[in-house]
Structures are given as structure tokens and as C-alpha cells.
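The structure appears right after this line, and notes come after that.
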Amino acid sequence: MSVGQTFTYRRTFTEGDVALFCGVTGDHNPYHQDEAFARESWYGQRTIPGLLTGSMLTHIGGMIGFLATEMHFEYIAPVFVGDTITCTVTVLEKDEERRRLSCGADFVNQNEIRVIQARFSGFPGQVRLAR
């Protein structure tokens with residue numbers, strides 16, 4: 001992998017995604033689960049859990065065999081059921097001696113609104129299924 005190289009993944013989040021994620025993690029936050037509560041919130045509707053959206057990084061990481069050692073997320077805007085999110089990962093730094101990469105990621109919705117900005121680092125693997 002080289003500095004400046006990018007990887008992209010896009011998906012549309014569904015009700016089923018939220019139900020499965022909340023069930024597995026135990027995240028029963030009313031912002032994600034309770035329509036009446038969420039309607040009265042500042043978003044006016046239920047939101048997708050931030051880590052569910054952020055977990056798009058694991059798809060890219062799995063495709064390239066990346067093992068993360070740290071991750072930092074800044075949640076900028078909400079994501080709702082039916083939103084299509086595009087996650088673009090960019091290799092920012094490469095330390096060949098320590099065999100570590102530092103990467104940045106931008107997550108944007110179908111309206112090109114940035115919803116998450118992330119930075120992570122770890123150990124690269126062999127690119128298998130992605131370019």
C-alpha cells in the first residue's frame with residue numbers, strides 16, 4: 001500500500017441493519033429504537049447508531065487484511081434509515097520500519113454531506129479483494 005492510495009465502500013442502511021446491530025451490541029438507546037421518543041428529539045426521527053455507520057471501516061479493513069490498533073471517530077451529522085453512505089479511506093502515512101499505516105476516512109451521505117470523519121492506524125495485510 002502507498003501513501004495517497006484510497007479504498008471506497010458504499011451501502012444503504014436498513015431497518016434490519018439497525019435491529020441486528022442493536023441486538024448484538026445491546027445498544028437500546030431510544031434515539032435508535034423508539035420512534036415516538038426520536039420524533040420529539042432534535043433530529044425528528046430515529047438515527048443509525050454511530051458505530052454501525054463507523055463499522056463500514058471494518059468492511060474495507062477485511063478486504064485488505066488490515067488489523068487496526070486504534071480508531072478515532074468524529075460524528076458530524078446524523079445518519080437515518082435509508083441513507084446511502086460512502087466511506088472513502090485514504091492512506092496518510094506509511095512507516096515501513098514499524099510496518100504500520102495511518103489512514104483517514106470520510107463518510108458522506110447521498111447528499112454529499114459529511115457524516116463522520118475518522119482516523120485510524122494499524123498493521124497492513126496483503127490486498128486481496130480490493131484495489
Legend entry - Min side-chain heavy-atom separation Met56-Ile85 under 4.5 Å: yes

Legend entry - Aromatic plane relationship, Tyr31 with Tyr43 - under 30° parallel, 30 to 60° tilted, over 60° perpendicular: perpendicular

Legend entry - Smallest separation among heavy atoms of Ala105 and Val89, with atom names: CB-CG2, 4.0 Å

Legend entry - Flag side-chain contact, heavy atom, 4.5 Å: Phe73 against Leu57: yes

Inset, instruction - Evaluate the criterion side-chain contact (heavy atoms from CB on, under 4.5 Å) for residue pair Phe123 and Leu101; output intermediate values, then yes/no. - result: CA-CA 6 Å; Phe123 301 100; Leu101 291 177; over 6 Å; no

Inset, instruction - Spell out, yes or no, whether Val115 and Phe80 are grouped together once hydrophobic residues are joined by side-chain heavy atoms under 4.5 Å, including indirect joins. - result: no

Inset, instruction - Name all residues meeting the salt bridge (Lys or Arg N to Asp or Glu O under 4.0 Å) criterion together with Arg99; count only those two or more places apart in sequence or in a different chain, and write none if there are none. - result: none

Inset, instruction - Please answer whether the main-chain N or O of Ser2 pairs with a side-chain N or O of Gln5 as donor and acceptor at a distance below 3.5 Å. - result: yes

Inset, instruction - Answer whether the closest heavy-atom distance between the side chains of Phe7 and Ile64 falls below 4.5 Å. - result: yes

Legend entry - Any donor-acceptor N or O pair under 3.5 Å, side chains Thr12, Thr84: yes

Inset, instruction - Could you tell me which residues satisfy salt bridge (Lys or Arg N to Asp or Glu O under 4.0 Å) with Asp106, sequence neighbours excluded, listed by chain and number? - result: Arg114

Inset, instruction - Compute whether any side-chain donor of one residue and acceptor of the other, for His72 and Glu70, lie under 3.5 angstrom apart. - result: yes

Inset, instruction - Can you tell me which residue pairs pass the salt bridge (Lys or Arg N to Asp or Glu O under 4.0 Å) test with a partner in residues 1-13, sequence neighbours excluded? - result: Arg11-Asp17

Inset, instruction - Answer yes or no: is there a donor N or O on one side and an acceptor on the other, between the side chain of Lys94 and the main chain of Met1, under 3.5 Å? - result: yes

Inset, instruction - Taking the side chain as every heavy atom from C-beta outward, state whether Asp83 and Phe13 have any pair of such atoms under 4.5 Å apart. - result: no

Legend entry - No-hydrogen, no-angle side-chain donor-acceptor test under 3.5 Å, Ser41 and Arg46: no

Inset, instruction - Check the pair Val18, Cys22 against side-chain contact (heavy atoms from CB on, under 4.5 Å), reporting the backbone distance first and the verdict last. - result: CA-CA 6 Å; Val18 175; Cys22 291; 4.0 Å; yes

Legend entry - Beyond-backbone contact of Val3 with Leu92, side-chain heavy atoms, under 4.5 angstrom: no

Inset, instruction - Go through the steps to decide whether Cys103 and Arg119 satisfy the test side-chain contact (heavy atoms from CB on, under 4.5 Å), and finish with yes or no. - result: CA-CA 6 Å; Cys103 301; Arg119 186 171 171 95; over 6 Å; no

Legend entry - Non-hydrogen side-chain atoms of Thr47 and Val79 separated by less than 4.5 Å: no

Legend entry - Backbone N/O of Ile113 and side chain of Asn111: donor-acceptor pair under 3.5 Å: no

